Structure formats: structure tokens, C-alpha cells
Amino acid sequence: MVNIVLFGKPGAGKGTQAEFLKGKYNLTHLSTGDIFRFNIKNDTALGRWAKTYIDKGDLVPDEVTIKMLEDAVDNSHGTSGFLFDGFPRTIAQAEALDTFLESKGWKVTATIALEADDEILVQRLLERGKTSGRADDQDEEKIRNRYQEYNEKTAPLMDFYAQQHKFYPVDGIGSIAEITERLSNVIDTL
């Protein structure tokens, strides 16, 4: 099993790259945002539980997020591994992910960070905001706030994985094909 945690600020291209990587390596792409939306839309018990927090404007507790992720992994068949996108976001979540994967005899193989200059990413998101309909992609102040939050919360995770020799930074600027090739070069050496 190849299990990869994909990091990157909003607009870095995680979703775009995940589409290529999942096909090339037979990985299941697990985006926490997609998992939340699926559970809420399908009115699952976990979706209803998460919605009680979301409706109050609170963060969904780790135990709910982790349970949704575990269910998604357990319901994925015929895969060579997983591409985790948007999870983990904290050391506690990383430790919970390790515990869950170890219970299956697996581990996080690598964490890969798509790195890009904030100014380039802000412009990407503002462009995306013109067609995405996402309010958080149309307000530069909100975008910069998301980056600040990413820097504060993700830096400790990068150190956590670097200490395990599982952290790989990848230049996220260039054509989609160039970035896919850089990511593939890392994955092919794992």
C-alpha cells in the first residue's frame, strides 16, 4: 500500500494533481471536504453529527473527521493505496491516522507538499473565484487569512513528517504536466 499525504496551500493544485496521480498509481483520493459533503448530502449518521457543529460555525471534532475517513478507507476496494488531501491538519490527526493505518498493517509512505509563492497562488485563486462561485476564492483578505492559518497549522506537521524522513517538498509552479512529472519522480522512488 502506498499512502501519501498531499499538502499544499489553497490554489497549489492538489485537486488537479490528485486526479492524475490516482489514475497513474491506482490510488483512492480521499479529500476531507468531499467526504464531509458526501456524508452530509447522504444524511449519514456521521454527516448529521458533523452538521450539528458546522451549523453552529464550529470546527468538526477530530473524532468525527477521523471516523468519516476510516469509513471511506474501509469502503474502498481494489486500490493500491490512498492519497490523503486535507488530512491530517494537526499532529493529533497525524497520530490518529498513523494508529488507524497501523491497525491495518499499513503506514503513511510519504507526505508531499506542493510549494508555491503566495502571490502567485493569490492570483490563481482570484481567477478561480471568477468561475468557481466560491466566496472564499473571491476575497483576497480571506485568501491570505487561509494562508496564514495553513502556515501556522501545517508547519508543525511538516516537521513531524520530516523527522520520520517522509517529507518531500515539490515545486508547484509550472505546467500541470511539469508538476505531475515532479510528483511522479518522488512517488517512483518510494
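A quick note: this is a predicted structure, and the numbers were derived from the prediction, not measured. Values reported hereafter were calculated over all heavy atoms of this structure, with side chains retained and with hydrogens, waters and symmetry mates removed.
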Taking all heavy atoms of [X] and all of [Y], pick out the closest pair and write down the distance.
X: Q138; Y: G129; result: NE2-O, 3.0 Å
X: P10; Y: Y147; result: O-OH, 2.8 Å
X: G8; Y: Y150; result: N-OH, 3.2 Å

Query raised in the report: Any donor and acceptor pair, going by atom type alone, linking the side chain of D171 with main-chain N or O of I173 inside 3.5 Å?
Result: yes
Would you confirm whether S76, through its side chain, and A72, through its main-chain N or O, come within 3.5 Å as a donor-acceptor pair?
yes
Cut-off 3.5 Å, side chains only: do [X] and [Y] have a donor facing an acceptor?
X: S31; Y: D85; result: no
X: T90; Y: K153; result: no
X: Q148; Y: E152; result: yes
X: N3; Y: T109; result: no
X: Q17; Y: T180; result: yes

Would one find more than 12 heavy atoms of other residues, nucleotides or ligands at under 6.0 Å from atom CZ of R89? no
*In terms of heavy-atom contacts, does NZ of K24 have more than 12 from other residues, nucleotides or ligands at under 6.0 Å?*
yes
Lys/Arg-Asp/Glu bridge criterion (N-O < 4.0 Å) met for [X], [Y]:
X: R146; Y: D137; result: yes
X: K9; Y: D118; result: yes
X: D98; Y: K107; result: no

Under 6.0 Å from the ring centre and within 45 degrees of the ring axis: does the NZ or CZ of K56 meet both conditions for the six-membered ring of Y53? yes
Less than 4.5 Å apart, any side-chain heavy atom of [X] and any of [Y]?
X: L183; Y: L114; answer: yes
X: V73; Y: W106; answer: yes
X: N39; Y: D71; answer: no
X: V2; Y: I4; answer: yes
X: P88; Y: F160; answer: no

